[in-house]
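Values below: all heavy atoms of this structure, side chains included; hydrogens, waters and symmetry mates excluded. Just so we're clear, the structure is a prediction, and the values are computed from it rather than from any experiment.
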Amino acid sequence: MGAMTLDWLNLGLRWLHLIAGIAWIGSSFYFVALDASLRKRMDLPQGVQGEEWQVHGGGFYHMMKYTVAPAHMPEHLTWFKWEAYTTWLSGFALLVVMYYFGADLYMVDHEGWTLPGWAASLIGILTLAVGWVGYDALCKSKLGEDQRLLVLGGLVLLPIICVLLDTVLAARGAFFHIGALTGTIMVANVAMVIIPNQKKVVADLKAGRTPDPKLGAQAKQRSLHNNYLTLPVLFIMISGHYPQLYASPLNWLIVGLILVVGAVIRHWFNVHHAGKPAPHWAWGVAAAGALAIVLIASRPATADAAPGAEAEALPPDELRAEAEATVQGYCSMCHAREPLWEGIPHAPKGVYLETPEDIERHAFEVYTHAYLTHAMPPGNVTEIGDDERRLLGRWYEALRGGALKNEGRG
């Protein structure tokens, strides 16, 4: 498959994934808010948990929720499932097109276990499958009967999975698969628990049987999990554009903090929609967590990442020349007007690093991606060394401090 074909396919799948995700998350947020805002009154029909009046688009709506199900099936019933299914199918297709077809760039760690691309991709797929099976088993176990213990288990297990993936995969591939795993759990909750349980309730009603209340309780548990996972998974999935997150040596800790920040924000909205006193402490926790993420992500990628004395001792012109040669030698095969790397039809993010002017114009990106986070080259596919990274760090600091001032550059 040609590079341009893959690029157009990537764009189309992103568009579909975005649209489906908006539809799924929008309906999920709406029903969670509706469920929390239901009000009880004495003369509600039998089996009705509560009601809510709403106004939208010039019309009034009267909503009622049954604890299990109405006594008789209505003639028309709207199901909410294809939004979730389409989100996952388009997301997995995008994962295949970008990460598995481009495994050498995004999945293979060329500094560690240099696995074949197919093996790295297989590990990614197994992570999604085994992760769902493990989560489902936890929910059905004794641990799953206590929501607090289950949440704590998730906060511990997802960072551990991130650490394990980091040992065998490139940082971007490892971090992205944490988001993909979380999204897979959410969609599988819909496909394997929520919808099947709802179908069992419908079948019981049609057969004249009383539905088992446990079916509704199980579905509500998984729906609640999805609600609290939504904001974290969104943040993790867009983090592929921000190497300071996925390429940090402490990216597993960042994963844990993202889970906490997203969950407490959703908790504030859930309580607020229920008409209860809003837990304003949640915003303090979210702000502290966000600040912690920024501080952790700003740390150099390695303990000895301070620019070396060798680079510091170089005369300005020589330091500039060495830095330009390093960037051209390790980065320009992708960041060129006509990229040489197979499968890349155009320079990522339109960043060119061919000429001295190009390099100085994008000095901050070079510093952040190649020196501070080690996110570039992806998986260190071109095998740049720590000495070269330190040299680039010293070059940027000298450039920023004015030691390499050169009229007409940049």
Side-chain angles (χ1 to χ4, degrees), residues 109 111-112 151-152 154-167 169-179 181-182 228-268 279-308 311-312 349 362-380 384 386 389-401:
D109 182 5
E111 289 185 309
V151 169
L152 183 61
L155 287 176
V156 172
L157 286 175
L158 281 175
I160 288 176
I161 294 172
C162 186
V163 171
L164 294 175
L165 289 178
D166 267 331
T167 63
L169 301 180
R172 183 170 179 175
F175 199 84
F176 189 85
H177 273 79
I178 296 298
L181 170 59
T182 309
Y228 278 97
L229 288 173
T230 300
L231 295 184
V233 76
L234 286 174
F235 193 89
I236 293 174
M237 296 305 275
I238 67 171
S239 65
H241 300 286
Y242 300 92
Q244 61 268 38
L245 295 174
Y246 67 76
S248 168
L250 296 176
N251 59 8
W252 59 271
L253 182 54
I254 291 175
V255 165
L257 289 168
I258 289 172
L259 291 170
V260 171
V261 170
V264 297
I265 291 174
R266 278 308 304 160
H267 182 67
W268 188 92
H280 297 302
W281 56 263
W283 293 109
V285 173
L291 179 60
I293 290 172
V294 172
L295 294 176
I296 292 169
S298 300
R299 295 175 72 250
T302 55
D304 61 342
E312 191 171 359
K349 296 187 177 181
H362 296 289
F364 178 71
E365 289 95 327
V366 171
Y367 171 78
T368 302
H369 296 183
Y371 165 68
L372 190 61
T373 66
H374 292 199
M376 295 293 167
N380 201 18
I384 185 173
D386 285 344
R389 293 187 189 275
R390 283 192 285 268
L391 182 139
L392 291 176
R394 174 58 189 155
W395 161 75
Y396 175 77
E397 292 185 359
L399 187 68
R400 184 181 60 179

[X] to [Y] - nearest heavy-atom pair and separation:
X    : Y    : value
T373 : Q244 : CG2-CA, 3.5 Å
C162 : V255 : SG-CG2, 4.0 Å
A247 : A171 : CA-CB, 4.0 Å
A282 : V264 : CB-O, 3.4 Å
R389 : Y371 : O-CD1, 3.1 Å
A363 : L399 : CB-CD2, 3.6 Å

As an exercise, state the distance from [atom1] of [X] to [atom2] of [Y], rounded to the nearest 0.5 Å.
X    : Y    : atom1 : atom2 : result
I265 : Y228 : CD1   : OH    : 12.0 Å
N251 : I236 : CG    : CD1   : 10.5 Å
L250 : L245 : CG    : CG    : 12.0 Å
T167 : L165 : OG1   : CG    : 7.5 Å
L372 : L392 : CG    : CG    : 12.0 Å
H369 : K349 : NE2   : NZ    : 5.5 Å

Within-4.5 Å side-chain heavy-atom neighbours: [X] and [Y]:
X    : Y    : result
F175 : I254 : yes
P232 : T182 : no
F235 : V261 : no
I296 : L257 : yes
N380 : H374 : no
M376 : T368 : no
L158 : W252 : no

Once side-chain hydrogen bond (donor to acceptor under 3.5 Å, both in side chains) is applied, do any residues pair with [X], and if so which ones, sequence neighbours excluded?
X    : result
W268 : H280
Y367 : none
D109 : none

Flag, side chain of H267 to backbone of A263, donor-acceptor distance under 3.5 Å: no
